[in-house]
Amino acid sequence: MNYTDFSKNVLNWYSANKRDLPWRCKNNSQKDPYKIWVSEIMLQQTTVATVIPYYKKFLEKWPNIEKLSKSNVNEVLDFWSGLGYYRRAKNLHLTSKIISNQFNGIFPLEKNEIIKLPGVGEYTAAAIRAIAKDEKDTVVDANIERVIARIFYLKKPIKQIKKEIKQNAEKLTPKLSNGDYIQALMDIGSLICTPKDPTCDNCPIEKFCITKKKNAVNEIPKKIIKNDKPVREGIVYWIKNKNNQILLKRREENGLLPGMLEFPSYNWSKNKINENDKKILSIKNTKKLEKKVMHEFSHFKLLLTIYEINKFNKNSINGMWVGIDEINQLGLPTLMKKVYQQVMEI
DNA sequence: AACGCGGGGTC
DNA sequence: GACCCAGCGTT
């Protein structure tokens with residue numbers, strides 16, 4: 001295969017067809033590693049359409065590393081509400097502190113430095129370096145994995161051939177304009193070389209594609225049959241004081257939904273029970289509501305039963321007491337938004 | 001190498 | 001419903 005021709009086709013297609021995305025600037029001199037980094041963190045395992053509104057609001061709120069480093073980590077966590085993988089928010093905040101304190105506020109782009117930043121792994125390091133500086137790092141995301149698997153007709157499930165995919169991707173990496181090139185491949189993967197029924201007629205690299213020649217585009221990449229998710233059951237407390245306020249608390253720093261706000265909830269997460277939790281669990285006169293909440297995490301389903309406590313009047317419980325009307329403005333994870341919705345419907 | 005880690009878009 | 005997404009960190 002003529003690899004120069006391959007990347008040339010990709011880049012020509014990009015200049016005419018690239019998606020208009022808020023983290024892409026028209027003028028290369030405006031490239032800001034901070035903005036590229038924020039976009040790449042948000043886009044980890046998250047679709048472009050979901051990220052766009054969050055990205056715009058994030059940059060309005062924290063337009064540079066300095067502003068972000070002076071924020072409170074809970075602000076960033078609450079902002080992340082609904083986006084998922086909340087450790088990303090913690091790492092984003094932590095990294096802004098590191099860059100502010102150890103790198104004089106200048107975003108480090110050297111490979112050995114960027115890869116050490118919390119939340120930046122092999123993919124993200126390569127992507128930021130390529131997009132910000134046109135470094136020739138080989139970048140492989142979920143889109144590019146699929147494109148490469150099809151171009152080279154790799155028949156095994158992607159999980160099993162990560163190394164082979166990267167080696168093949170490396171052969172195609174151009175000497176110039178690698179930033180545009182990888183973004184182009186991602187656009188091609190997202191718009192044309194889709195998981196189901198790719199529109200090969202529109203593909204600028206169709207002539208290089210062995211899978212297309214073999215007429216097997218819906219067989220590559222090979223899918224893995226997933227097991228059903230187990231169901232866990234737990235309880236969640238809707239605790240109201242005599243001022244009609246509801247009790248919320250922050251979760252443990254590690255594990256599921258780390259540091260996020262929740263209505264006290266137990267028996268389903270591996271988070272340890274601390275003294276404050278024991279106090280909550282010892283509250284008497286709870287009333288079981290008929291309503292339940294079903295929520296799906298990445299690796300299990302959760303069925304929560306809601307218990308209600310009214311006119312709770314002890315003040316030895318640590319947490320936030322919040323008026324019912326103000327709960328909507330907080331940054332709750334989706335699971336807890338569902339609990340709120342259920343109680344409001346009763 | 002395998003697993004824990006969310007949530008929403010899309011058909 | 002099922003599938004998938006600009007992956008990372010830990011074990």
Side-chain angles (χ1 to χ4, degrees), chain A residues 18-19 21-24 36-55 77 80-92 94-95 114-131 137-147 157-163 166 169 179 181-191 193-198 218 221-230 232 251-260 269-271 294-302 331-338:
Chain A
K18 66 178 162 187
R19 289 178 287 181
L21 302 174
W23 46 88
R24 287 182 179 167
I36 297 167
W37 166 63
V38 171
S39 73
E40 288 299 340
I41 299 295
M42 281 191 176
L43 286 160
Q44 287 168 1
Q45 290 293 283
T46 311
T47 50
V48 165
T50 302
V51 165
I52 287 174
Y54 281 90
Y55 175 82
L77 275 171
W80 218 258
S81 159
L83 203 48
Y85 290 118
Y86 295 94
R87 196 170 55 186
R88 295 184 292 176
K90 294 181 56 162
N91 284 336
L92 212 51
L94 175 58
T95 295
I114 191 173
I115 196 70
K116 289 182 199 156
L117 299 175
V120 175
E122 194 181 347
Y123 162 79
T124 304
I128 295 175
R129 280 165 50 79
I131 295 170
D137 301 34
T138 306
V139 178
V140 180
D141 78 319
N143 288 305
I144 298 178
E145 277 174 350
R146 186 172 56 254
V147 173
I158 282 175
K159 262 190 185 320
Q160 297 174 16
I161 50 168
K162 296 267 184 185
K163 206 178 251 178
K166 177 145 193 192
Y181 168 80
I182 59 141
Q183 293 182 85
L185 270 195
M186 289 190 257
D187 279 11
I188 290 168
S190 176
L191 300 172
C193 196
T194 48
K196 257 192 190 174
D197 303 323
N218 275 330
K222 187 168 170 59
K223 284 166 201 144
I224 305 176
I225 296 163
K226 286 177 187 155
N227 296 327
D228 288 346
K229 292 177 183 177
R232 296 187 205 167
R251 292 175 58 79
E252 295 286 327
E253 288 304 307
N254 295 308
L256 207 54
L257 307 176
M260 296 299 286
S269 174
K270 285 173 186 164
N271 286 343
M294 180 64 104
H295 184 73
E296 203 161 326
F297 288 103
S298 49
H299 54 301
F300 68 95
K301 295 177 185 175
L302 176 63
L332 297 183
T334 299
L335 164 65
M336 293 297 154
K337 285 183 184 168
K338 288 183 184 175

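All chains are named by letter (A, B, ...) in the order of the sequence lines, taking the proteins before the strands, and each is independently numbered beginning at 1. Everything numeric in this text was worked out from a predicted model, so none of it was measured.
A:Trp23 comes within contact range of at least one nucleobase, with a heavy-atom separation under 4.0 Å. In this structure, A:Arg24 reaches the bases: a heavy-atom distance under 4.0 Å links it to at least one base atom across the strands shown.
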Given side-chain contact (heavy atoms from CB on, under 4.5 Å), test A:Thr50 with A:Tyr55 step by step and report yes or no.
-> CA-CA 9 Å; A:Thr50 302; A:Tyr55 175 82; over 6 Å; no
Test A:Leu256 against A:His299 for side-chain contact (heavy atoms from CB on, under 4.5 Å), laying out the working first.
-> CA-CA 11 Å; A:Leu256 207 54; A:His299 54 301; 4.2 Å; yes
Determine, stepwise, if the pair A:Lys162 / A:Glu145 fulfils side-chain contact (heavy atoms from CB on, under 4.5 Å).
-> CA-CA 8 Å; A:Lys162 296 267 184 185; A:Glu145 277 174 350; 2.8 Å; yes
Report the C-alpha separation of A:Leu335 and A:Leu302 in whole Å, then their side-chain angles, then the decisive distance to 0.1 Å, and conclude whether the side-chain contact (heavy atoms from CB on, under 4.5 Å) test is met.
-> CA-CA 9 Å; A:Leu335 164 65; A:Leu302 176 63; 3.9 Å; yes
Pair up each side-chain donor or acceptor in residues 115-125 of chain A with any protein partner under 3.5 Å, not counting sequence neighbours, and list the distances.
unit_1	atom_1	unit_2	atom_2	d
A:Glu122	OE2	A:Lys166	NZ	2.3
A:Tyr123	OH	A:Glu40	OE1	2.9
A:Thr124	OG1	A:Gln44	NE2	3.0

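With sequence neighbours excluded, no residue satisfies salt bridge (charged side-chain N to carboxylate O under 4.0 Å, His left out) with A:Lys337. For A:Lys301, there are no salt bridge (charged side-chain N to carboxylate O under 4.0 Å, His left out) partners at least two apart in sequence or on another chain.
Of the inter-residue distances, the one linking A:Met336 atom CE with A:Thr334 atom OG1 reads 11.0 Å to the nearest 0.5 angstrom. If you take CG on A:Leu21 and OG on A:Ser39, they are separated by 9.5 Å, rounding to the nearest 0.5 Å. Interatomic distance, A:Arg129 CZ to A:Ile36 CD1, rounded to the nearest 0.5 Å: 12.5 Å.
B:dG8 and C:dG9 have their C1' atoms separated by 24 Å, with the value rounded to a whole Å. B:dG4 and C:dA6 have their P atoms separated by 24 Å, with the value rounded to a whole Å. Comparing C:dC8 with B:dG9, their P atoms sit 23 Å apart, to the nearest whole Å. Taking the C1' atom of each, B:dG6 and C:dC4 are spaced 13 Å apart, rounded to whole Å.
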Its contact letters, B for base, S for sugar-phosphate only and - for none at protein heavy atoms under 4.0 Å, make nucleotides 2-11 of chain B read --BBBBSS--
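Salt bridge absent: A:Asp187 and A:Lys18 never bring a charged side-chain N and a carboxylate O closer than 4.0 Å.
Near DNA chain B, meaning a heavy atom under 4.0 Å from it, residues 119-130 of chain A has no residue at all.
Heavy-atom contacts of chain A under 4.0 Å fall on DNA chain C between two terminal nucleotides, which in 5' to 3' order are C:dC4 to C:dG9.
In terms of position along DNA chain C, the nucleotide closest to A:Asp187 lies nearer the 5' end than the nucleotide closest to the other residue of the pair A:Asp187 and A:Asn91. Between A:Leu21 and A:Ile115, the residue anchored nearer the 5' end of DNA chain C, judged by the nucleotide with its closest heavy atom, is A:Leu21.
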